[in-house]
Amino acid sequence: MDDLIAQLSADPDSAREAIALELGVLQSIYGDDSVKLWRPPARSGSQSPDRGGQGTQGTEPGTIRFEITLSIETSEEVGVAQPVTILVSLPPTYPSSAPPQLQLLSRYIGPYGVDAVLFGSVLRTYISRGAVEWTAGSECVFDGLEWVKERCTEWLGERMSEKKVGEVLREDERARGQQEQRGLDEHQEGTRREPRQVPDVAAEMPPGIDIVEAEPIQDRKSAFVARACRITDPSQVPLILAHLMSDRKIARAAHPIINAWRCRVGNVLHQDNDDDGETAAGGRLAHLLQILEVENVLVIVTRYFGGIHLGPDRFKHINQAARNALDLGGFLDVPDDTQAGRKHGKARGPAKR
């Protein structure tokens with residue numbers, strides 16, 4: 001790489017000298033070992049693995065190709081860096097009349113296989129609206145690499161969030177299966193699950209979470225208490241539910257945490273629900289959130305069974321309690337994070353034990 005920089009510096013063409021300076025800056029930013037000349041694979045020419053049709057065969061003579069290895073880390077794994085290798089191609093007319101091209105060489109980022117969407121977005125770094133704007137005559141490799149780094153970090157965070165949510169759901173399915181094997185009848189109204197152990201130390205609420213609690217709805221000795229809060233990541237859901245279950249009053253209920261949630265991360269809408277033993281109740285809450293077009297919210301309904309079966313009325317009360325909590329928290333208004341605490345009810349901080 002140093003020989004290439006020296007060769008470009010000696011070229012009388014001012015554009016080539018500008019490229020030499022840019023390469024030197026990239027070495028100083030990312031490290032000499034991270035910036036290397038690219039050598040095409042011996043067999044299949046210049047196609048990136050598993051990416052047919054986007055190779056470098058037939059590239060215009062005089063194109064400069066080098067690879068840069070970036071390090072990314074997510075908020076889920078602070079301090080754990082994942083390498084991402086990018087192929088940079090500088091056409092002979094760069095930077096005067098043509099932009100560079102970036103191509104993702106890494107097949108995997110961490111344990112996750114790179115998909116076509118991420119691969120394509122990297123290829124279109126300088127031609128997509130909302131990516132990096134290229135201006136004729138300006139050096140812009142660094143700007144493109146930083147945009148790619150940010151995009152890959154966001155993509156990795158989404159994959160990790162999906163994995164965490166999947167693990168929580170699989171654990172919940174295993175728990176349900178064990179209960180069914182013990183002969184619990186989940187279809188009978190008012191059936192209590194086995195008493196849950198309340199931890200000696202309350203589970204910690206994720207930072208920035210503010211739960212609102214609506215006034216209870218009571219009918220024939222049963223009570224329905226709904227709570228709602230804004231969420232920004234699916235991984236917050238199991239932590240919030242665990243925090244509520246550390247409240248002995250909530251844990252004693254027949255169905256403590258009937259819930260549904262929707263959360264948009266990037267362009268992906270994540271959503272799920274849990275009946276918590278009250279058959280079909282979670283699905284009805286999920287449908288309520290869908291028709292209300294509410295996102296980035298978790299709603300939980302606690303049902304205290306009074307000994308008298310309510311029949312279909314119980315679902316009406318569960319949905320009404322949930323709607324009251326959503327209204328109380330301002331989730332049914334025009335999106336505004338500052339609105340909360342309308343009508344009858346109270347804001348709930350960390351659950352007390």
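These numbers come from the heavy atoms of this one structure, side chains and all, not from hydrogens, waters or symmetry mates.
- Under the 4.5 Å side-chain contact rule for hydrophobic residues, Leu105 and Tyr108 do not share a cluster.
- For the atom pair CH2 (Trp38) and OG1 (Thr85), the distance works out to 13.0 Å, reported to the nearest 0.5 Å.
- Atoms CG and OG1, from Asp247 and Thr302 in turn, are 9.0 Å apart once rounded to the nearest 0.5 Å.
- With contacts defined as side-chain heavy-atom distances shorter than 4.5 Å, the pair Lys316/Asp219 does not qualify.
- Salt-bridge check for Lys36 with Glu67: failed, with every basic side-chain N at 4.0 Å or more from each acidic carboxylate O.
- Under the side chain to side chain contact (heavy atoms under 4.5 Å, CB included) criterion, Ser96 pairs with Thr93, sequence neighbours left out.
- Nearest heavy atoms, Trp134 versus Cys140: CD1-SG, 3.3 Å.
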Checklist entry - When you look at Asp11 and Glu17, which way does the side-chain contact (heavy atoms from CB on, under 4.5 Å) test go after all the steps? => result CA-CA 7 Å; Asp11 196 306; Glu17 183 179 0; over 6 Å; no
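- The stretch residues 136-154 participates, sequence neighbours left out, in these side chain to side chain donor-acceptor pair (under 3.5 Å) pairs: Tyr30-Glu146.
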Pair up each side-chain donor or acceptor in residues 288-299 with any protein partner under 3.5 Å, not counting sequence neighbours, and list the distances.
residue : atom : partner : partner atom : Å
Glu295  : OE1  : Arg264  : NE           : 2.9
Glu295  : OE2  : Arg264  : NH2          : 3.0
Asn296  : OD1  : Arg264  : N            : 2.9

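- Here the side chain of Glu22 pairs a donor or acceptor atom with the backbone of Val141 at under 3.5 angstrom.
- Taking 4.5 Å as the limit, some side-chain heavy atom of Arg262 sits within range of a side-chain heavy atom of Leu269.
- Annotation: side chain to side chain contact (heavy atoms under 4.5 Å, CB included) contacts of Asp3 (sequence neighbours excluded): none.
- Note on Val265 and Tyr112: separate hydrophobic clusters, where clusters join Ile, Leu, Val, Met, Phe, Trp and Tyr whose side-chain heavy atoms are under 4.5 Å apart, directly or indirectly.
- By the 4.5 Å heavy-atom criterion applied to side chains, Pro61 and Pro92 are not counted as neighbours.
- To the nearest 0.5 Å, atoms CG (Leu326) and CG (Asn319) are separated by 10.0 Å.
- Looking at residues two or more places apart in sequence or on another chain, you find a side chain to side chain contact (heavy atoms under 4.5 Å, CB included) between Ala223 and Gln218, Tyr304.
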Next on the checklist: Could you go through Gln27 and Asp32, starting from their C-alpha distance and side-chain angles, then the distance that decides it, and tell me whether this counts as side-chain contact (heavy atoms from CB on, under 4.5 Å)?
Outcome noted: CA-CA 5 Å; Gln27 281 185 320; Asp32 292 348; 3.4 Å; yes
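- Val25 and Leu23 fall within a single hydrophobic cluster, where Ile, Leu, Val, Met, Phe, Trp and Tyr are joined by side-chain heavy atoms under 4.5 Å apart, directly or via other members.
- In this structure, Tyr94 has no ring pair (Phe, Tyr, Trp, His ring centres under 6.0 Å) partners at least two apart in sequence or on a different chain.
- Connection of Ile127 to Ile86 is not established within any shared hydrophobic cluster, with ILVMFWY side chains joined at heavy-atom distances below 4.5 Å, either directly or through further cluster members.
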Next on the checklist: Walk me through whether Leu145 and Leu26 qualify under side-chain contact (heavy atoms from CB on, under 4.5 Å).
Outcome noted: CA-CA 10 Å; Leu145 290 172; Leu26 293 176; 4.1 Å; yes
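- For Thr63 against Pro91, the heavy-atom pair with the smallest separation is OG1-CA, 3.9 Å.
- Of the inter-residue distances, the one linking Met1 atom CE with Asp33 atom CG reads 12.5 Å to the nearest 0.5 angstrom.
- When all heavy atoms of Thr125 and Gly144 are compared, the pair lying nearest together is CG2-CA, 3.9 Å.
- For the pair Ile308 and Ser222, the minimum side-chain heavy-atom distance is 4.5 Å or more.
- Note that CG of Leu241 is 8.0 Å distant from CG of Asp274, once rounded to the nearest 0.5 Å.
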Next on the checklist: Does Phe66 form a side-chain contact (heavy atoms from CB on, under 4.5 Å) with Leu4? I'd like the steps, not just the answer.
Outcome noted: CA-CA 10 Å; Phe66 58 95; Leu4 174 62; 5.7 Å; no
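- By the 4.5 Å heavy-atom criterion applied to side chains, Ile250 and Arg227 are counted as neighbours.
- Neither Val268 nor Phe119 shares a network with the other; the hydrophobic side chains, linked directly or stepwise wherever heavy atoms of I, L, V, M, F, W or Y lie under 4.5 Å apart, form separate groups for each.
- Distance alone, capped at 3.5 Å, is enough to place a donor-acceptor pair between the Asn259 side chain and the Ile257 backbone.
- Contact check for Ile72 versus Trp155: no side-chain heavy atoms found under the 4.5 Å cut-off.
- Two residues are said to be in side-chain contact when any heavy atoms from C-beta on lie closer than 4.5 Å; Ile64 and Leu8 meet this criterion.
- Nearest approach of Ser89 to Arg65, heavy atoms of both residues: OG-CG, 3.8 Å.
- Cation-pi geometry between Arg284 and Phe315 is met: the NZ or CZ atom falls under 6.0 Å from the ring centre, inside 45° of the normal.
- Looking only at atom types and distance, the side chain of Gln320 has a donor-acceptor partner in the side chain of Asn324 under 3.5 Å away.
- Minimum interatomic distance between Val114 and Ser106 (heavy atoms only, all atoms of both residues): CG2-O, 3.5 Å.
- Residues Ile318 and His255 form no side-chain contact, since every pair of their non-hydrogen atoms from C-beta on lies 4.5 Å or further apart.
- The minimum heavy-atom distance linking Ile231 with Cys263 is given by the pair CD1-CB, 3.9 Å.
- Summarising the geometry, atom CZ belonging to Arg16 is positioned 8.5 Å from atom CG belonging to Leu90; distances are rounded to the nearest 0.5 Å.
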